[in-house]
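These notes concern the structure reproduced below.
What you are looking at is a predicted structure, and each value in this text was computed from that prediction instead of being measured. Counting starts at 1 for both ligands and their atoms, following the listed order.
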Amino acid sequence: MLFSRLVQVSQEVAATSARSRKIALLGDLFRAADAADVPVVIPYLAGRLPQGRLGIGWKLLDQGVPPASDPGLSVLDVDARLTAIGSVTGTGSQAERRRLVGELLASATADEQRFLFGLLTGEVRQGALDAVAVEGLAEATGAPPADVRRAVMLAGSLQTVAQALLAEGPGALERFRLTVGRPVQPMLAQSASSVAEALGKLGACAVEEKLDGIRVQVHRDGGTVRIHTRTLDDITDRLPEITSAALELKGERFVLDGEVIALDEAGRPRSFQETAGRVGSRVDVATAAAAVPVSPVFFDALSVDGQDLLDLPFAERHAELARLVPEPMRVRRALAEGPEDLAEAEEFLAKTLGRGHEGVVIKALDAPYSAGRRGASWLKVKPVHTLDLVVLAAEWGHGRRTGKLSNLHLGARNADGSFAMLGKTFKGMTDAMLAWQTERLRELAVEEKGYVVTVRPELVVEIAYDGLQRSTRYPAGVTLRFARVVRYREDKRPEEADTVETLLAAHPEVRP
Ligand code: AMP
């Protein structure tokens, strides 16, 4: 396939907001593609490189190479040349890389050059493309869209399914079934602002504890256990105690979904960082396991004794789970018929928070497991924490935010009236807010060093965040998780901002 064709479709897809038009464009593109093009076409469409990072940035690209007048490159040529550039090493490699990049750019038209710049600097990411690409692929191959979607969900990769479909036609979909030993993308939850909202949307449901651990999918086939993360990485070797627990369960062949979490002796969760650090550490697993043991807490069963349960309602999948997994290894839950059980559901949330967990996930009892999706049948409810903090500095933005002061440095008050920086955020700002804060912060600027503008600590901003984590980088020893701006509080003076002391008191879980 010609590279120019892909570039043109990519531009047209980005330019239209009509889903049906995107699907038609991608359908045509797949019809014109060979199976061999797929491993390049799909990542390029999403703005990703199949090679991962190649270290080709603006410096190498910005050579002022005049574009070719006619397109001649194929997608496979481009991929092969990029692989070659990525593999240049040793003395003189920088000059050689520059020469090869120059050669590639000289063969590219102006549109192709622009696409390459975006691709190589990571600026053409099109995150939401996969769902439309699935529909386009169905259209191109004549396979039913629902079957393609299920195959992609089970293969955990659009690319694998696209290749098989283009090479063999719709019959290839048979191969993509739920198989013990092959991980599938986990189902994800959407957010609801309250238990009442969730009960109103879902009807009969289970209200489950939301544990702040690491998502795991556990596959057992006889004596073999494999453990996968949410991103499908195999972490079996890091979690021997989870393997032992899986081997003690009654079933011989199953796939279970759950969370691993480090609990203290009283059964309360240790900090998220301890769990994450434990799950992340590959070296000296035995010592790590002794210091921070983790427990599995399961909440779903995807396959049991060779039977694929994905399409069954949650109530039936949970019955299978309960048959296999003893209660202490299952997530705590309460059942609700609907909004009439609001009081009980809220009490369950309050108790869950009291036990040190982060919230609840409320799940429709009649819904199938929709792997890889933020399904509307799982709704998470977490109390939102907010703080009034002071802007200490701001960083000039990039890309769409060039010329705007964007990333805010946030501080809480110390007892002596000074401020301790707690973290940064560029999230939650509207365009109007960005424009306003740029003006305002410029007025308060006291120093500009590189891209950081330090300001007089006078502006109070309300920040929502999901929790605290320990940090050696920040002076209070903690930083905010998922901080985002809610609004500016011009009605507040910096002396009224929240203090480090009250913040730490509200989060006993991060105390050393
Ligand atoms: P979030 O990461 O905030 O989108 O929340 C979704 C994550 O919560 C899932 O990916 C799981 O790792 C985690 N989680 C904790 N408890 C549950 C539960 N009972 N059901 C589903 N997910 C849960």
Tell me if the aromatic rings of Y465 and H507 count as close, with their centers under 6.0 Å from one another. yes
Output the list of atoms in ligand 1 that are nearer than 4.0 Å to some heavy atom of K382, sorted by atom number. 3 (O)
Heavy-atom contacts with W378 under 4.0 Å: which atoms of ligand 1 show up? List them by number with element. 21 (C)
Give a yes/no verdict on a cation-pi contact between K210 and F299, requiring under 6.0 Å between NZ or CZ and the six-membered ring centre and an angle within 45° of the axis. no
Should you measure from each heavy atom of R230, which atoms of ligand 1 turn up under 4.0 Å away? 2 (O), 10 (O)
When the ring planes of Y369 and W378 are compared, do they come out parallel, tilted or perpendicular, using 30° and 60° as the limits? perpendicular
What residue and heavy atom of the protein are closest to atom 23 (C) of ligand 1, and at what distance? F299 CE2, 3.7 Å
Does E174 CD have over 12 foreign heavy atoms under 6.0 Å away? no
Which atoms of ligand 1 have any heavy atom of E209 under 4.0 Å away? 16 (N), 17 (C), 18 (C), 19 (N)
Quick one: which of K380, E358, K210 has a heavy atom closest to atom 7 (C) of ligand 1? K210
Residue and atom name of the nearest protein heavy atom (relative to atom 14 (N) of ligand 1), distance in Å to one decimal: E259 OE1, 3.5 Å
Numbered in order shown, the ligand 1 atoms found under 4.0 Å of a heavy atom of E208 are 18 (C), 19 (N), 20 (N)
Result of checking R177, R317, R150 against D311 for salt bridge (charged side-chain N to carboxylate O under 4.0 Å, His left out): R150
Does A189 reach ligand 1 with a nitrogen or oxygen that is under 3.5 Å from one of the ligand's nitrogen or oxygen atoms? no
Consider ligand 1: state whether an atom of it lies below 4.0 angstrom from any non-hydrogen atom of M187. no
Once you measure the plane-to-plane angle for Y488 and W436, does it fall in the parallel (<30°), tilted (30-60°) or perpendicular (>60°) bin? tilted
